[in-house]
Amino acid sequence: MVKTNQQKLKNFLINNGVIIVMFILVIYTGFTADNFFTSGNLMNILMNMSARLVIALGIAGCVITAGCDLSAGRMIGFGGCISGILLQRIDYSGKFFPDMEPLNVFVVALIVMFICGAFGSVTGFFIAFLNVPPFIATLAMMEIVYGLCMIFTKATPIGGYVKEYTNVANGKFLGINYLIWIALIVALISWFIFNMTRHGKYMYAIGGNPQAAEVAGVPVKLTLVLIYMKAAAMYGLAGFMLGAKAGGASVALGYGYEMEAIAACTIGGVSVTGGRGKVSSAVIGVAVFELLKVALQYLGVDANAQYIAIGIVIFVAISLDIRKYIAKK
């Protein structure tokens, strides 16, 4: 019994090693750096987490089906540029469409989600119906979306937003920033989809064994299309959020965010081998990444060296996930 308990403790420490180390780092930073444990810093962390959580929740569905989505970063930039173009002030000298009145902010968010979702459905179609590996299909879509965005914007940064758009990042409700509320709403909707709908059950079934799921009557192809469509719509929303936060957008917005999102999901418990993962997994993973970056900044670590730390965390997280998969087999 003692040996069994020791083995359980050992497995827990190994499987959650990254989270435990991050927790220790945060505690150490809080006691050695000024103003780390403050409400202002907490709000900044939650603000930075908001868009990244939306991205991670979108990509989590792909990872649960043992897939991935490399187009996320470019889709975010695409969404951010579309949002900016539709929400420029009428008197802005560099306005993309000079005679067009800025649209309603809520309507623009829906338009961006619809456009990006349409591209995601194309990706899902190639994966589901033509059996193109997710890595290749999303890589192709990444290049297509990037090229279209470059042509559409002529690689020109977008700015001059209406106040209603920038207020999405600056405004508050009940003392909490709108971006945080958006992320919370998306997380709640995602939880409902993952746990309370047939689509969620189908998603886990496909991740566990797609052949068995199809034999059991799961509409595998349609479900995959919907997963990638839903994920892309969420990337578009994240682009809308990041554009409001930055007060501008370009094709570079969101570049590389897909890798961080996949790693965050894995750290939290979404398995790259498919069939396992929760909304809370994405939340935990994104929180770990943001806390790591902020802690390193407070400790005075060189900004370029932070990329090395993040890379090491990704290596360790993926290795631990594969270890759990091998042990399970």
| request: Compare all side-chain heavy atoms of Y202 with those of T197 and state whether any distance is below 4.5 angstrom. | output: no
| Heavy-atom side-chain contact between V112 and L237 under 4.5 Å | no
| said: Using side-chain heavy atoms (C-beta onward) and a distance below 4.5 Å, is T32 in contact with L299? | reply: yes
| message | Counting C-beta onward and ignoring hydrogens, is there a side-chain heavy-atom pair between I115 and F119 closer than 4.5 Å? | response | yes
| task | Specify whether F152 and F96 have parallel, tilted or perpendicular ring planes, treating 30° as the upper limit for parallel and 60° as the lower limit for perpendicular. | result | tilted
| Hey, does I284 have a side-chain heavy atom less than 4.5 Å from the side chain of I267? | no
| Set of residues satisfying side-chain hydrogen bond (donor to acceptor under 3.5 Å, both in side chains) with respect to R198, sequence neighbours excluded | none
| Side-chain contact, heavy-atom cut-off 4.5 Å: K172 with W181? | no
| request: Would you check if K230 and I193 make a side-chain contact, meaning some heavy-atom pair closer than 4.5 Å? | output: yes
| message | Less than 4.5 Å apart, side chain to side chain, heavy atoms only: is that true for L53 and V186? | response | no
| Shared hydrophobic cluster, M259 / Y146 (ILVMFWY, side-chain heavy atoms < 4.5 Å) | no
| task | Would you kindly confirm whether L222 and F125 end up in one hydrophobic cluster when ILVMFWY residues are joined by side chain heavy atoms under 4.5 Å apart? | result | no
| said: Using the side-chain hydrogen bond (donor to acceptor under 3.5 Å, both in side chains) criterion, which residues pair with S190? Sequence neighbours excluded. | reply: none
